[in-house]
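Accompanying notes for the structure given below.
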Amino acid sequence: MKESDLGGQLRSAATPPFKSQLRELITWYKRQLELTGVAVHVNTEIGEDDLVFEKADAIIVATGAIPMMPPIKGIERAINVLEAHLDENKLKGEKIIYCGGGLSSCDSALETALKGKKVAIIEMLDEVAAGDHMINKASLIPMLLENKVELYTGHKVLEITAEGVRAMEKDGKEVFLEGNTVVASFGMLPNNETAKAIDAKYHNKVRLIGDCTKVGKVGGAVRSGMYAALSLR
Ligand SMILES: Cc1cc2nc3c(=O)[nH]c(=O)nc-3n(C[C@H](O)[C@H](O)[C@H](O)COP(=O)(O)OP(=O)(O)OC[C@H]3O[C@@H](n4cnc5c(N)ncnc54)[C@H](O)[C@@H]3O)c2cc1C
């Protein structure tokens, strides 16, 4: 694995105080890997030309997903949602603006608001966390409102500047929201370049699992890993 610690996206997903079950899941997997003697190579980036693949009987690729950074003017000024979760120091200043209002954005926005920052979410759709399960939303939305997270739904992000975000309402009216740090949280994209290259080279013994095939959730990633493992017997 490329990183210095196990967990992938879960390391960031699990930082909010209200995500303790995800933290426990990482701890549980680390212990299981120890108990079963799985060799874990941290800080090791793999590529299709690695010799280790030549000798392997089977290869399961789980390269996950990376933050989507659409070509919006000034996007390079923004930090991404993984950084917002993992590195408090990157959330500079008092007012933090989240661009994109999916579930992972709402979680991170709430975590930031709980740290005492002023937080706003700009979302193009008419609701935040659209597509998320009703039960999640029933607790998440009241928590966002209780912690005074401002929700700008029906607003499309046009530009990120040094002073904040320029957005457009549905009727075409432009607004400017002042902020010190902007978080790009437009969702995730499959990190599949290396995965596709390994698959192309060793197709008969490769299985691709988790978010590198389709961005989803923990349950789907774990299930696809289980099916891949069962298929090896
Ligand atoms: C902010 C956020 C919050 C989320 N919250 C939830 C939630 O509440 N509930 C839920 O069910 N899901 C949640 N998710 C989604 C969930 O985290 C993912 O679906 C899940 O982690 C996917 O697992 P994966 O193993 O496929 O990929 P990842 O978790 O992305 O792991 C991929 C790993 O592969 C490594 N890697 C990539 N390329 C290479 C390479 N070339 N060489 C070596 N290693 C490499 C990466 O460093 C990473 O460690 C959230 C995601 C995010 C971003």
Side-chain angles (χ1 to χ4, degrees), residues 1-26 28-30 32-33 38-53 56 59-69 79-87 90-91 98-112 121 128-129 131-133 135-137 139-140 143 183-199 201-202 206-229:
M1 55 172 290
K2 198 160 70 169
E3 310 288 336
S4 58
D5 200 7
L6 286 162
Q9 292 169 69
L10 273 192
R11 286 173 51 240
S12 34
T15 58
F18 48 91
K19 286 292 191 82
S20 61
Q21 287 179 327
L22 288 185
R23 285 195 290 282
E24 285 165 18
L25 186 65
I26 300 175
W28 185 83
Y29 271 119
K30 284 183 176 171
Q32 297 308 308
L33 291 172
V38 173
V40 178
H41 301 272
V42 294
N43 299 316
T44 309
E45 182 159 358
I46 46 131
E48 70 277 18
D49 295 328
D50 277 319
L51 293 177
V52 66
F53 295 133
I59 305 165
I60 298 179
V61 185
T63 46
I66 46 174
M68 186 190 297
M69 299 298 263
I79 62 167
N80 69 51
V81 73
L82 304 184
E83 294 172 316
H85 272 296
L86 288 173
D87 190 353
K90 292 206 167 161
L91 295 165
Y98 282 77
C99 296
L103 175 63
S104 59
S105 178
C106 290
D107 274 353
S108 181
L110 179 55
E111 183 184 23
T112 302
I121 299 176
V128 294
D132 189 30
H133 202 285
I135 293 171
N136 280 349
K137 275 201 255 191
S139 57
L140 179 65
M143 279 169 86
V183 182
S185 44
F186 295 101
M188 305 294 286
L189 281 178
N191 179 27
N192 56 15
E193 207 176 301
T194 302
K196 280 182 181 167
I198 296 170
D199 190 32
K201 197 163 175 184
Y202 298 101
V206 168
R207 288 155 182 83
L208 306 181
I209 62 165
D211 277 17
C212 75
T213 58
K214 186 172 186 281
V215 171
K217 294 198 169 178
V218 177
V222 168
R223 245 189 322 277
S224 67
M226 183 191 73
Y227 291 135

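Fair warning: this is a prediction, and the values are worked out from it, not measured in the lab. Atoms within a ligand are numbered from 1 in the order they appear, just like the ligands themselves.
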### Task
State which residues pass side-chain hydrogen bond (donor to acceptor under 3.5 Å, both in side chains) with E111; sequence neighbours excluded, sorted by chain then number.
T15, H85
Ligand 1: protein N/O within less than 3.5 Å of ligand N/O:
| residue | atom | partner | partner atom | Å |
| --- | --- | --- | --- | --- |
| ligand 1 | 8 (O) | K19 | NZ | 2.5 |
| ligand 1 | 11 (O) | V218 | N | 2.9 |
| ligand 1 | 12 (N) | V218 | N | 3.4 |
| ligand 1 | 19 (O) | D211 | OD1 | 3.2 |
| ligand 1 | 19 (O) | D211 | OD2 | 3.1 |
| ligand 1 | 19 (O) | G216 | O | 3.1 |
| ligand 1 | 26 (O) | D211 | N | 2.8 |
| ligand 1 | 29 (O) | Q9 | N | 2.9 |
| ligand 1 | 30 (O) | Q9 | NE2 | 2.8 |
| ligand 1 | 30 (O) | A65 | N | 3.3 |
| ligand 1 | 34 (O) | A62 | O | 3.3 |
| ligand 1 | 38 (N) | N191 | ND2 | 3.4 |
| ligand 1 | 41 (N) | I46 | O | 3.0 |
| ligand 1 | 42 (N) | I46 | N | 2.8 |
| ligand 1 | 44 (N) | K2 | N | 2.9 |
| ligand 1 | 47 (O) | E3 | OE2 | 3.4 |

### Task
Go through the structure and list residues passing salt bridge (charged side-chain N to carboxylate O under 4.0 Å, His left out) with K2, not counting sequence neighbours.
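Scan of K2 (salt bridge (charged side-chain N to carboxylate O under 4.0 Å, His left out), adjacent residues dropped) gives none.
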### Query
Looking only at heavy atoms, what is the nearest atom pair of I60 and A229, with distance?
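Closest approach of I60 to A229: CD1-N, 4.4 Å.
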### Task
Could you pull out the closest heavy-atom pair between C212 and A62, with the gap in Å?
SG-CA, 4.3 Å
Identify every side-chain donor-acceptor pair in residues 186-194 under 3.5 Å, counting partners at least two apart or on other chains, and give the distances.
| residue | atom | partner | partner atom | Å |
| --- | --- | --- | --- | --- |
| N191 | ND2 | T63 | O | 3.1 |

### Task
Could you tell me whether K201 and D50 make a salt bridge, using a distance below 4.0 angstrom between a side-chain N and a carboxylate O?
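The answer is no: the pair does not qualify as a salt bridge.
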